[in-house]
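Data block below; observations after.
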Amino acid sequence: MEQPGSDIETDIEEVRRCLADTPADSVDRLADRLVRTARRARERPDDVALLLTAYR
């Protein structure tokens, strides 16, 4: 969620909100939400990478 010109603490808080607001059994939903949020950044129209793992 880090982006040029933004405060890293604000970006970390956004990730925390995404994690807290998405059901634990929905990795796909979390991935969609994180990518959607990242794509809103003006400085990053196509530079997005995401790695999530699920433990059962």
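Because the structure is predicted, anything quoted here is derived from the model rather than measured.
- In this structure L51 satisfies the side-chain contact (heavy atoms from CB on, under 4.5 Å) test with no other residue, sequence neighbours excluded.
- For T53, there are no side chain to side chain donor-acceptor pair (under 3.5 Å) partners, not counting sequence neighbours.
- Judged as a side-chain contact (heavy atoms from CB on, under 4.5 Å), and not counting sequence neighbours, the contacts of L50 are A31, L34, V35, L52.
- Rounded to the nearest 0.5 Å, atoms OG (S26) and CZ (R33) are 11.0 Å apart.
- A 6.0 Å sphere centred on CZ of R17 holds more than 12 heavy atoms belonging to other residues, nucleotides or ligands.
- Interatomic distance, R16 CZ to E9 CD, rounded to the nearest 0.5 Å: 12.0 Å.
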